[in-house]
Amino acid sequence: MVDRYDFKRIEKKWRNFWEERGFFKADIEDVEHKLYYLNMFPYPSGEMHVGHGRNYIIGDCLTRFYLMNGYNVLNPMGWDAFGLPAENAAIKHKAHPKKWTYDAIARYKEQFRDMGVQFDWDREVTTCEPEYYKWTQWLFLKLYEKGLAYRAAALVNWCPSCATSLANEQVVGGACERCGTPVTKRNLTQWFFKITAYAERLLRDLESLKEWPERVKLMQRNWIGKSEGAEVEFKLADREGSLKVFTTRPDTLWGATFMAIAPEHPLVEQILKEERDERLQEFVERVIRVSEIERGAAEAEKEGYLTGWWAINPVNGERIPIYVANYVLLGYGTGAIMAVPAHDERDYQFALKYGLPVIPVIKRPDGLAKSFVLPGSVRKGFAEALRKAGIEFTTRPDREGGEALYVTLKGEAQIDRYIELVKAYLLPGNWNEVVGARFAFIFPEGVMELDSVAADREILARCKELEPRVRDKRTVMEILWEVEFYRDLLFHAEYGEMINSGELSGTPGEAAIKRTIAWLEGHGCGKAAVNYRLRDWLISRQRYWGAPIPIIYCEKCGIVPVPEEDLPVLLPDVEVVTKEGLAGIPEFVQTTCPKCRGPAQRETDTMDTFVDSSWYYLRYISPHDQEKPFDSRLVNKWLPVDQYVGGVEHAILHLMYSRFITKALKDMGYLDFDEPFARLFTQGMVCLGGQAMSKSKGNIVSISEVVEGYGADTQRVYTLFMGPPEKDIEWSPTDISGSSRFLKRVWQLVNDHLEEVRGAPGTIDPARLEGSDRELWRELNRVIKAATEDIRSFHFNTAVSALMELVNGLYDYIAEAGAGAGRINIPLLKRALEDLVLLLSPFAPFICEELWERLGHREAVLENRWPSYDERALAVEEREIVVQVNGKVRGRLTIPVELAQDQEELKRRALELGPIKRQLDDHRLEKVIVVPGKLINLVVK
RNA sequence: GCCGGGGUGGCGGAAUCGGAAGACGCGCUAGCUUCAGGAGCUAGUGGGCUGAAAGCCUGUGAGGGUUCAAAUCCCUCCCCCGGCACCA
């Protein structure tokens, strides 16, 4: 009688075993077989749920697997312990965030132990400990020394709810990443890290990260947002000064007919001061007040205000007006743009709205043009002439009984021919125009091209003379826009041959940008430029619970960094934390200047917690070193991290910051590698009820409830079995019973045969196995191979299913043998059961340790080598060959392997099959396709 | 709008070097067991036709194509998820 699978008793028995035996302590000096496995460390808060568990279960499974494969695995754990939730909770409960944080840490540790998730706790790192944040401050000082940390006044993101400024990366869709409150802007003097100095390397080195998910690299690429183009200087008209713009399309410069600047642009201030234009003031204030979210919406109506100031287009000397416009962003490029309405959609909309000239300067690559011919504007016979010339057109009768012509033209030659015909047929008092590949107006006295702002004025004036109905139009484009038929050809944003561009006219599209930049450089009004979307990292936080920025302000000496030997700048020990943070603690603020010993004040901002986590992976190597932040010698041996695993929500924030800090430390000579994480795996979230588990949504499945109800082993197996680990997945309270049942079956299976197996010899001679023994042997080897490869490649779900197949196979084998089909081969069974336990142990360590002991072993599972398989055992004697007729399966052949490669033999046997014969009646065999060892396809007619 | 990822039974998912679609598990159906447990065992389970079986038809978001053969390759479209989004 086998005792029932009592997971509670078993898990309790083994819970502390691995830690006591020290299996998870890495030998830091042995780098030969080193493997640095790292899970992103958690922000300790409340209880862990099964979604958090996924991350650590993957890590523990892999660690156990690699330990059994002979690796010296370092898998450390620590706490990202500074942060707002702790502080907010502390303010609310009038307590200290420390207590809240350490309580959570204690609970997390307990839950890790409950899950059997093991770490080397000697290497535990806690970012809110002075022994840690001392070195975060050291990092700040080093960056400051190198000019990579600087203080500047800037318009920064501000979260009113968290009462602190935020980095760009922490603003998601215009709202605070932490609390979801819409972010506002404030002009503040803050500390920044100069991540933009590394923009190019952060972008370029993504190429070298071969083992990172493509989507993460893509997100970073987008975030860095590199664009190449030119910087062009526009002199102000009638006064000193100039406006610089960045453009990716310098080839369209000749078409710049106005400029637009962001409402926050410094020039706006100057204009306001000189012009005292109250309506401009109102406009600017109104636009700035509108939140980023609304302004950011692409559908938002483009609005502008004419400042009355003018600039000179440097390429053609054209005077163009300067607008303040809501669609120009201060944070990108120079905060000012040259507007080319003919080739930029936003500029086009704006030009139509405000009646600004639109001058095409890039030829349409498709060569299409159109013309609309009003009835009565040409002599009779025009349509006939077009027909003869092979020009396409359609007609539509108008109210007065005339016929309007809708002409579509393709190519230069046809357009020229058409213009000649119009000239010949045009009646006095009329005009006609061609738009698209050419913008030409044919008047009785001659043809005018829309090739400059001056031409726009002349053509407009002439049209007004001829047609009273267009007298209210402000530009030629407004007239054309009225004709529905033209609309799709009035604007394009493609690359193409330059036209109407002075001496550069005729430059082909491929050379246009390059040649224009050369031209600009030659004329001293511009140069090639690269622009990045990435902004410097704002690290100041007006909060208490973070690492104080080690800076002192002295009236005499100015900004003075705290000397290294004075670190850490300790967080003042207060009983209760308030909203004022450090600024509200005078004992902290008042200090003496390290240089002149005079009275001075401390910086009261703390650092963004992402600074803490940007270097923690270095600290694990020497976590308690009092002398230095990390041991360069060992760090250079152990890093980059071999395998990093965490949530995709850190794709930009944490991963980008860490890459930046690593590069900066490398440049300072502390590290000899460029990238901190060689391989990255981003695991998916666990959902319930279609939504990510979260306390606020109340859809949490807690680890303790699952461990209590099913046991940690079941939780682990189910977590790894439920789907591919990179995918988001739904936690199913019913599906978990499958994993529970599986472990029960394993329990039963092993316990049923303890007696026979325990004393039996372990050696088997595979060559002498026959029948079902041989099949079992093959199955065992197949499963070892599959599970091993699957674990290595993060396919835990299929690894588990392979083990389930092995268990099913073992039950079948025993049932068959027991029914008299043969005798159970005890050494074989022993081998299979033992290998099963070893293979299952990374997934379900508790039950495996217990079974291993029951199987008579005195050493721990982890002291054994991972089972190996024999390639020869996978060979089969017979193959099943699929027989298809016209690609459809009609039968099967079981054939000895030697013959399975023999095309003629396969064909002969296939044709003998009954169902195949039937299929072939009344048909002629056309062709036979043989895939040796697999399939034969008979093609018949 | 742009860029990624994806769409396979009632459900989670296998199979992607083009070669048996649906491994494994959940659920469901029938039967057996009764140590009544949060049980276990056996058989079946994509849909349809046929009394059952054999057999046939059909089937991987939709449509088309390439091929002896397509979940897998190509084209068009639809839907879902994620990222970026007036980026000049």
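Naming: A, B, ... by sequence-line order, numbering from 1 per chain.
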Closest to side chain of [X], choosing from [options]:
X        : options                : answer
A:Met804 : B:rC26, B:rC68, B:rC24 : B:rC24
A:Leu329 : B:rG13, B:rC68, B:rA88 : B:rA88
A:Thr248 : B:rA88, B:rC41, B:rA85 : B:rA88

I need the minimum non-hydrogen distance between A:Lys210 and A:Lys217, along with the two atoms involved.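 Taking A:Lys210 first and A:Lys217 second, the nearest heavy atoms are CA-NZ, 4.3 Å.
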Validate the cation-pi geometry between A:Arg716 and A:Phe721: distance from NZ or CZ to the six-membered ring centre under 6.0 Å, angle to the ring axis within 45°.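 No; the conditions do not both hold, so A:Arg716 does not lie above the ring face of A:Phe721.
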Within 45° cone and under 6.0 Å: A:Arg745 NZ/CZ vs A:Tyr811 ring: yes
Quickly work out the [X] [atom1] to [N] [atom2] distance and round it to whole Å.
X        : N      : atom1 : atom2 : value
A:Lys302 : B:rC87 : NZ    : C1'   : 13 Å
A:Asn222 : B:rG1  : CG    : C1'   : 14 Å
A:Lys217 : B:rG5  : NZ    : P     : 12 Å
A:Met219 : B:rG83 : CE    : P     : 7 Å
A:Tyr710 : B:rA39 : OH    : C1'   : 13 Å
A:His265 : B:rA88 : NE2   : P     : 17 Å

Which value, in whole Å, describes the distance between the C1' atoms of nucleotides B:rA69 and B:rU33?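 Approximately 48 Å lies between the C1' atom of B:rA69 and that of B:rU33.
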Dump the intermediate steps for side chain to side chain contact (heavy atoms under 4.5 Å, CB included) on A:Leu938 and A:Gln884, then the final yes or no. CA-CA 6 Å; A:Leu938 307 167; A:Gln884 297 183 333; over 6 Å; no
So does A:Glu345 have more than 12 non-hydrogen atoms from other groups sitting under 6.0 Å from CD?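 Atom CD in A:Glu345 is not packed in, count stays at 12 or less.
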Is the glycosidic torsion of B:rG9 within 90° of 0, making it syn, or is it anti? syn
Parallel, tilted or perpendicular: which fits the ring planes of A:Phe350 and A:Tyr354, with parallel below 30° and perpendicular above 60°?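 It falls in the tilted class, 30° to 60°.
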Both distances under 3.5 Å, Watson-Crick or G-U wobble: on that basis, could you give the dot-bracket string for RNA chain B, with [ ] for crossing pairs and | for other-strand partners? (((((((..(((......[....)))((((((.......))))))((((.....))))..(((((..]....))))))))))))....
